[in-house]
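Note sheet for the following structure.
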Amino acid sequence: MYRRGALTVAGIVLVLFLIAGVGSAQSPRYGGTLVFARGADSVSLDPINVTDGESLIVTRQIFDGLLQYNEKNTSVEPALAVSWTVSKDEKVWTFKLRQGVKFHDGTPFNAEAVKFNFERWKDPKNPYHQGAFEYYSYMFVQGETDLIKSVDVVDEYTVRFVLERPLAPFLANLAMTPFAIASPAAIKKYGADVGNHPVGTGPFKFVKWDHGDKIVLERNDAYWGGKPYLDKIIFRSIPDNSARFMELQAGSIDIMDGMSPDDVKIAERDKALKVILRPSFNVGYMSMHMEKKPFNDIRVRKAIAHAINKPAIIKAFFAGLAEVAKNPMPPSLWGYNDKVKDYEYDPAKARKLLAEAGYPNGFETTLWAMPVPRPYMQQPQKIAEAIQADLAAVGIKAKIVSYDWATYLDKIAYGEHDMCLIGWIGDNGDPDNFIYVLFSGSNAVPGRASNYSFYKNPKVDDLLVKAQTVSDIATRTKLYEEAQQIIHDDCPWVPLVHSTPPLCAKKEVVGYIPHPTGSESFRKVWINR
Amino acid sequence: MIRGRGAALSASDCGAGLRAGAGVVRMGQLRRAWAGYAGLPDFRGGGQLLTQYVLRRLIATIPILLGVTIVVFMFLHLIPGDPARVILGERATPEALEQVREQLGLNDPLYLQYLRFIGRLLKGDLGRSIVSNTRVSHELATRFPATIELAVAAMIIATLVGVPAGIISATRQYSVFDHISMFVALLGVSMPIFWLGLMLIWVFALELRWFPMSARLDVTIDLQTITGLFVLDSILTGNLAALKDSLAHLVLPGFALGTIPMAIIARMTRSSMLEVMRQDYIRTAHSKGLAERTVIIKHALKNALIPVVTVMGLQFGFLLGGAVMTETIFSWPGVGRLAFDAIMNRDFPVLQGSILLISCVFVFINLVVDVAYAYLDPRIHYD
């Protein structure tokens, strides 16, 4: 046994050497055009005024923020800011900026440019504040309060942020793709049309945009982070999934996202193609309204958690391209508590719990399902039917209810549902962005709830608020781990799934690392042909 | 008038087309009869009268267009769903909702919103997209040429196949060719475009590689746009490579989109030819000993094509409304998809602009068809 083990190890080491050897033999090559195809066109190329992934993946190439995420996860790295310090009370942040960087229009990047951008985003009366600036309000405005009190120029390459109160996810927020620094000269020149004329400091420069068809970018040779390999990137929109996949098979595009599960199987058999999974950054779940009978009884909630066969759902409706969720946040985030033990699929146990709670013959209720596919759940109606069948097996008769998307969101925010399917997509890679949004008592106000279970646990609230005000990651990790355990024990939801959206590329596309947030830099991508 | 959302709608569209066509024929006959009894003069060559007729028809379109604006405006307020909430999705807070409503002027009384809408419209301002903040007029100006080009290609393909097929079917009624071509025509109107489109791509683009799959031009080809009609632009700039490539890109989507009008034209040509062939003057022509070919082409076809022209005009109007399915399958950046996306995003200004444009085009095409009909059929009374 021992010997065989040793041989296996030797074999693995050999294989690793071979892989490493192949890797090092191929140094990246400059040149070539990458054609990236997706289902929809970008909405606008003004990153602060969009929320859709199709816009942000393009602006990620054209712009830089002060900070950026690590290429694989959501830990924060320097970008246009090279270093930073924070005051003792954690309210004043001072950033040293990268020197000698120029926008694509030749104007210099400096502290004034940073101040100009933030003031455009912050102040509704600013002449260049045209648009909704959604992400600025999501991340930096709470109620009526703008958490960024002021942005001051200290010297040409130093900028100071004064906050209203300490904000633990501050750096993680700044690294988000929307908070990209645009050329002030371009904003002044183009005004409301700046979304059609993006000018940043990023690895690729904007060339042209044929709406509904393609966006063309070209290499920025002067990029501060090193010259990118690709000469050009073309983002094409090909709405139909099958047509897009046939384009890839025919070779007229190099990489695509938004694959149908059936095509994944075909691609895996195709020698010219490879499937790349994007790490999950979302959660799809079923919420139970805890203020309503019988969901106010924890035994009923746990019975439901035991009744649902999650692996079967993932097999049937995600083609296996998703992970079973046991926590409300995806494992790619720091602070994820892997020690939580999920409620296993056990209909007998579910029936027993229901009997204990006084429902030996089950009960009748409603299960709300979204009318539209979402990234965390492509087929909500079918998933609802599967859950309905699982619940029927333990005696719970759930009627499936659906409304148009806007009405649906409105009604669940008012808590009109018994149980509902819904989900969340991360913004900044901070656990606060999942757990505080989805479980804090302050988000359980009818009409504006994002805590759709109307879960109120003072202990969890304390942990979450505390986690917001300290900036030490180790401390915050502990707080979030504890909160996840308590939430698991209280069982306000059944976490169902973290989807891992597949991309498909030609084998010769090298260095493409999908980022959990959905927008990755193409700087290190190269074509091996 | 967003077309091609599947077989059901397409089939009903074509039904409407046929009915409308038949209606015109009947109306023509009535007018003819009435003109005969009343002993009215022949208006052929009455240039002045024709101009007057056109002017009258033009003025008559004003209330129609006004009605369109009211319908377009009201329709958006009658469908369910608060636009502000749709825009904000999972993240709607009351403050954000209020802000969006304020931005869109959704808090004002309806009549005020309508008057503001008309006021801006008269200045040619269609507003800005809620989603992208681009001018709607700019968006339409970039998308509409793509739709025109595709519609023209589809009409050319439909006519080139449909008219000859109809003539041959009529002259050889109940022959094998007649049965086959009418069966294919039935298939043409009932085949779902998304299926046909994917099959065309699979066979002719992926397997045989005869034609490109999607888009209007290969990404490697640069073309300076003047009109936005790529075929015309490549001729104007003398860009042969672009001309060849843009024509190649038109074949598959043009064929897919052309199947329904093709089938309708074939059936209309056939029935109209059959009707004409039974007329006395055709018998006379035959008895004069004229060649079959001359009788068909010189005598029968000329008259038989009049109702066909009407149907073609109406079909062209439908095609100019954009075809969501064809544009989606072939990633064609036209107005159909623009309008469809606007519906999905509840992008009110873009949707209003698209519907207005499509309605105006439709009204205009109808006008042209009427005028052309009056011109082609001298028995029609300009009233």
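A, B, ... follow the sequence lines: proteins, then strands. Residue 1 opens every chain. The basis for the numbers below is simple: all heavy atoms, side chains too, and nothing from hydrogens, waters or symmetry mates.
Ranked by non-hydrogen atom pairs under 4.5 Å with chain B, the options A/Gly251, A/Pro239, A/Ser44, A/Pro124 are led by A/Pro239. Between chain B and the residues A/Arg236, A/Gln249, A/Gln130, the most heavy-atom pairs under 4.5 angstrom are made by A/Arg236. When each of A/Ser252, A/Ser237, A/Gly195 is checked for heavy-atom pairs under 4.5 Å with chain B, A/Ser237 comes out on top. Note: B/Val219 leads B/Asp341, B/Leu217, B/Thr142, B/Val219 in heavy-atom pairs under 4.5 Å with chain A.
Other residues, nucleotides and ligands place more than 12 heavy atoms under 6.0 Å from the NZ atom of A/Lys208. Residue-environment remark: CZ (B/Phe255) stays at or below the threshold of 12 foreign heavy atoms within 6.0 Å. Residue B/Arg135 places its CZ atom among 12 or fewer non-hydrogen atoms of other residues, nucleotides or ligands, all under 6.0 Å distant.
Neither the backbone nor the side chain of A/Ser137 comes within contact range of chain B; no heavy atoms are under 4.5 Å apart. Of the atoms belonging to B/Trp202, heavy atoms from both backbone and side chain fall under 4.5 Å from chain A. With a 4.5 angstrom heavy-atom cutoff, A/Ile238 touches chain B via backbone and side-chain atoms both. If you measure heavy-atom distances from B/Glu207 to chain A, you find no contacts under 4.5 Å at all.
Separation of atoms CD1 (B/Ile201) and CD (A/Glu247) is listed at 7.0 Å; rounding is to 0.5 Å. One finds the OG1 atom of B/Thr225 at 7.5 Å from the CG atom of A/Asp210 (value rounded to the nearest 0.5 Å). Rounded to the nearest 0.5 Å, atoms CE (B/Met213) and CZ (A/Arg244) are 13.0 Å apart.
Residues that satisfy the side chain to side chain contact (heavy atoms under 4.5 Å, CB included) test with B/His249, not counting sequence neighbours, are B/Pro212, B/Asp218, B/Asp245.
Using a 4.0 Å cut-off between a side-chain N of Lys or Arg and a carboxylate O of Asp or Glu, A/Asp193 and B/Arg128 qualify as a salt bridge.
Side-chain contact between A/Lys214 and B/Ser331: absent, with no pair of heavy atoms (C-beta onward) separated by less than 4.5 Å. A heavy-atom distance below 4.5 Å is found between the side chains of A/Asn196 and B/Thr134. A/Met246 places a side-chain heavy atom less than 4.5 Å from the side chain of B/Leu198. Side-chain atoms of A/His211 and B/Pro333, non-hydrogen and from C-beta on, never get closer than 4.5 Å to each other.
Here the closest non-hydrogen pair linking A/Ala243 and B/Ile329 is CB-O, 3.5 Å. Closest approach of A/Gly212 and B/Arg337 over heavy atoms only: O-NH2, 3.0 Å.
Using a 4.5 Å heavy-atom cut-off against chain B, the contacting residues of residues 33-42 of chain A are A/Val35.
B/Arg216 places no side-chain N or O within donor-acceptor distance of the main-chain N or O of A/Asp213, the cut-off being under 3.5 Å.
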